[in-house]
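In each ligand, atom 1 is the first atom listed, and ligand 1 is the first ligand listed.
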Amino acid sequence: MPADLGIAEAASVLRAGGLVAFPTETVYGLGANALDAEAAARIFAAKARPSFDPLISHLADAADLPGLVGPVPPAVAALAERFWPGPLTLIVDRPAVIPPIVTSGLDTMAVRVPDEPSARALIAAAGVPVAAPSANRFGQLSPTRAEHVVAGLGDAVDVVLDGGPTRCGIESTIVDARGAQPVVLRLGALPVEALIEAVGPVEVRSGSSGQPVAPGTLAAHYAPRTPLRLGAADGDGGRRGLLAFRARPATGDWAAVEVLSPEGDPTVAAARLFDALHRLDAAGVTEIVAEPVPEVGLGRAINDRLRRAAATWR
Ligand code: TXA
Ligand code: MG
């Protein structure tokens with residue numbers, strides 16, 4: 001249902017332990033009451049998500065954080081103050097009211113305040129923190145439109161709020177600012193450059209490994225069903241599809257081409273990334289060739305996702 005009309009009904013579904021998919025400025029989330037272990041379990045079931053991959057809890061307002069978790073370290077508070085509402089997820093200690101299933105047994109919790117009016121209205125109306133991973137089946141492409149949610153999760157969701165395409169198009173940046181120097185655990189829609197400008201040097205530890213610091217940042221993730229390879233557009237594409245950064249290749253014939261940003265803007269490219277991949281995935285091509293984008297601003301987060309998508313197919 002349209003996001004603005006469905007809020008009251010969706011909020012009561014959340015309070016009753018149901019699942020609501022809702023738009024945020026990053027990607028669509030699959031929400032459940034974060035205080036309700038059974039509701040959280042439904043998220044893991046609907047996504048076929050492994051139980052070791054913890055969820056992000058969403059609040060309506062930054063002012064709600066101390067009430068939920070108590071005092072936070074000054075650097076965490078400073079980042080929340082500077083970037084919330086917005087595409088930044090912060091790591092805090094898990095309070096006792098949040099059941100361990102939400103954090104996959106970790107004694108820390110990921111939390112953020114989304115910058116999307118309907119999401120904040122929904123969370124406020126529900127009156128509880130809302131645990132929400134991206135609203136896709138585990139390991140697959142993230143949803144940036146309500147249609148992607150319906151196609152991927154269908155009947156596993158009680159309500160889908162449709163707020164149109166999301167503004168950022170890639171997930172939030174995850175930062176653990178509890179220690180001496182903030183650590184970026186996942187590159188995302190808030191560029192590292194903006195973090196550095198606000199708090200000084202940060203460590204980026206979002207590389208892939210079998211035992212990642214953010215357990216969900218697995219080497220293989222964000223994958224289309226069609227095999228994907230990172231590389232340049234080489235000659236004739238034949239039955240292959242191309243995810244191009246700025247332009248169609250001057251020569252060569254491709255079965256399908258998606259151009260992310262003719263003006264060469266990585267922020268625009270990020271907003272279009274998953275939608276373009278969903279379309280290429282539906283185009284019936286034999287392989288998707290994805291051009292890496294320049295490693296500046298959101299370009300780093302885009303390449304990070306393309307590498308993980310490609311790793312699924314190696
Ligand atoms: O933009 C976003 O963050 C979206 C929207 C819906 O808010 N959500 C999202 O959730 O991307 P998900 O589940 O797809 O990714 C959550 C990431 C996972 O990599 C998970 O491992 C990490 O957050 N995470 C959650 N709790 C954590 C914790 N306590 N410590 C470290 N990483 C954590
Ligand atoms: Mg996800």
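- Note on R42 versus E38: salt bridge recorded, some NZ/NE/NH1/NH2 to OD/OE distance being below 4.0 Å.
- Among G188, S104, S172, the residue whose heavy atom lies closest to atom 3 (O) of ligand 1 is S172.
- Neither the backbone nor the side chain of R94 comes within 4.0 Å of ligand 1, counting heavy atoms alone.
- In this structure, I91 has a heavy atom closer than 4.0 Å to ligand 1.
- Counting heavy atoms only, S134 comes closest to atom 14 (O) of ligand 1 of the residues G29, A21, S134.
- With waters neither drawn nor counted, the protein N/O/S atoms under 2.8 Å from the Mg ion (ligand 2) amount to 1.
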Side-chain donor-acceptor contacts of residues 81-89 below 3.5 Å, not counting sequence neighbours, with atom names and distances?
residue, atom, partner, partner atom, Å
W84, NE1, L88, O, 2.8
T89, OG1, S172, OG, 2.7

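- In terms of N/O distances under 3.5 Å, ligand 1 is approached by H58.
- Atoms OG and CG, on S57 and D64 in that order, are 12.5 Å from each other to the nearest 0.5 Å.
- A donor and an acceptor atom, one from each side chain of T144 and D275, are nowhere located under 3.5 Å apart.
- Checking L161, V130, V159 one by one against L122, the side-chain contact (heavy atoms from CB on, under 4.5 Å) holds for a single residue, L161.
- Salt bridge E171/R305: present, at least one basic N to carboxylate O contact under 4.0 Å.
- Aromatic ring orientation, F274 versus Y222: tilted (interplanar angle from 30° to 60°).
- In plain terms, the two heavy atoms of S134 and N136 that are nearest each other are OG-OD1, 2.6 Å.
- Residue contacts with ligand 1 for L106 involve side-chain atoms from C-beta outward but no N, CA, C or O (heavy atoms, distance under 4.0 Å).
- At least one heavy atom of R112 lies less than 4.0 angstrom from ligand 1.
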